[in-house]
Amino acid sequence: MEISKKSILKKTHYGLNIYAHVLRQYYSGETVLSLSGRDCKPAKNPFNEDKPTLMIKVVDNCARHTDKDKAIESGDVFDFAALHFGLSGQKLNEKLNEALHLHIGEKTGFYDKPVPQLPILPPEREIMEPPTFSYFKKPISNVQPYKKTDLAEVYNKIKSKEFAEHTNALRNLDDPKKTRKYKATHFDYATFSGIFSRRNDKNLEKHSGLLTLDFDHIVEIDILKSLLLEDEYFETELMFVSPSGNGLKWIVPIDLEKATHQDYFKAVANYLLRTYQLEVDQSGKDISRACFLPYDPDVFINPKYVE
């Protein structure tokens, strides 16, 4: 079966993961790419004496590169991969499929034929009890919980227009100092990781089994949302755009019988960096981390918690 460039780009974040894979072969243990939306900060170029001259960005749904010193010709991700693997055309595509474990072309249906879509009714599903945690009234200086809440209730609040006025007002502010002050005084917040008698790690009464990952200064939020929702290892419990409008909150389940909250955070943060070249706000390692609740009509909740 012929492996197309389009199918490879679809599986590799427009080719950014290919750049990262190649660069890791030269700089093992280092952060090879730092991603913000579709653009990357200057990266080391192994084909230019390891100088940080490699510029990578996504253009028309394909990652491309240039070198500040013009040490290599500008081109797309396949041109860059060819420099490393010494292959081209279909042989290069097959090598990328193998090296990055993309599984393109593997059998997925009966005798490798598409499974027909039959007009059947969806099975009945059980609505699960959503995890619970503490809810706090504004401002952020208030550390006494207002009540116990759950994912479904917070989902409905974020989706409704209860926080719309303050969210819109925040996003219209230009001064960073005013923005921080407004957010701290005008938004209710939740501690998704647990129930507290007072917002402090020492005052945790019960862990919720949830971990919050916070991504800041994201240019293409819709792309990141799709990537995380389709992640093969972590199930999304709740996801919404941050009050500022340029960040994303991703809430996933963790099993505290296998590891601690902090160990899970380190492991997930490392996974996101290596897989998507995404850096996570380090505040997520705190169990009592406060998460402001904005207005987001497109907030996502795991379907198992709602009708």
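Values reported hereafter were calculated over all heavy atoms of this structure, with side chains retained and with hydrogens, waters and symmetry mates removed.
Taking the six-membered ring wherever Trp is involved, the centroid distance between the rings of Phe136 and Tyr146 does not fall below 6.0 Å. Centroid-to-centroid, the aromatic rings of Phe163 and Phe187 stay 6.0 Å apart or farther. In this structure, the ring of His84 has its center less than 6.0 angstrom from the ring center of Tyr26.
Shown here are the side chain to side chain contact (heavy atoms under 4.5 Å, CB included) partners of Met239, two or more places apart in sequence or in another chain: Lys225, Leu228, Leu229, Thr236, Leu248, Trp250, Phe300. For Glu205, there are no salt bridge (Lys or Arg N to Asp or Glu O under 4.0 Å) partners at least two apart in sequence or on another chain.
Under a cut-off of 6.0 angstrom, the local environment of CZ in Arg24 is crowded, with over 12 non-hydrogen atoms contributed by other residues, nucleotides or ligands. Shown here is Glu165, whose CD atom has no more than 12 heavy atoms of other residues, nucleotides or ligands within 6.0 Å. Within 6.0 Å of NZ on Lys258 lie no more than 12 heavy atoms contributed by other residues, nucleotides or ligands.
Taking the ring centre of Tyr27 as origin, the terminal cationic atom of Lys44 falls inside the region bounded by 6.0 Å and 45° from the ring axis. Judged by the 6.0 Å and 45° rule, Lys95 forms no cation-pi pair with Phe85.
Expressed to the nearest 0.5 Å, how far CD of Glu237 lies from CG of Leu151 amounts to 6.5 Å.
At a threshold of 4.5 Å between side-chain heavy atoms, the hydrophobic network of Ile, Leu, Val, Met, Phe, Trp and Tyr places Leu23 and Val58 in one connected group. Under the 4.5 Å side-chain heavy-atom criterion for ILVMFWY residues, no single connected hydrophobic cluster contains both Tyr189 and Leu211.
Using a 4.0 Å cut-off between a side-chain N of Lys or Arg and a carboxylate O of Asp or Glu, Asp188 and Lys137 qualify as a salt bridge. A salt bridge is defined here as a Lys NZ or Arg NE, NH1 or NH2 lying under 4.0 Å from an Asp or Glu carboxylate O, and Arg64 with Asp79 fails to meet this definition. Looking at Lys304 and Glu129, no side-chain N of the basic residue comes within less than 4.0 Å of a carboxylate O on the acidic one, giving no salt bridge.
Ring pair His103/His101 is tilted by interplanar angle, where 30° to 60° counts as tilted.
One N or O on the side chain of Asp296 and one on the backbone of Asp298 form a donor-acceptor pair closer than 3.5 Å.
Side-chain contact, Asn172 with Tyr182: no donor N or O sits under 3.5 Å from an acceptor N or O.
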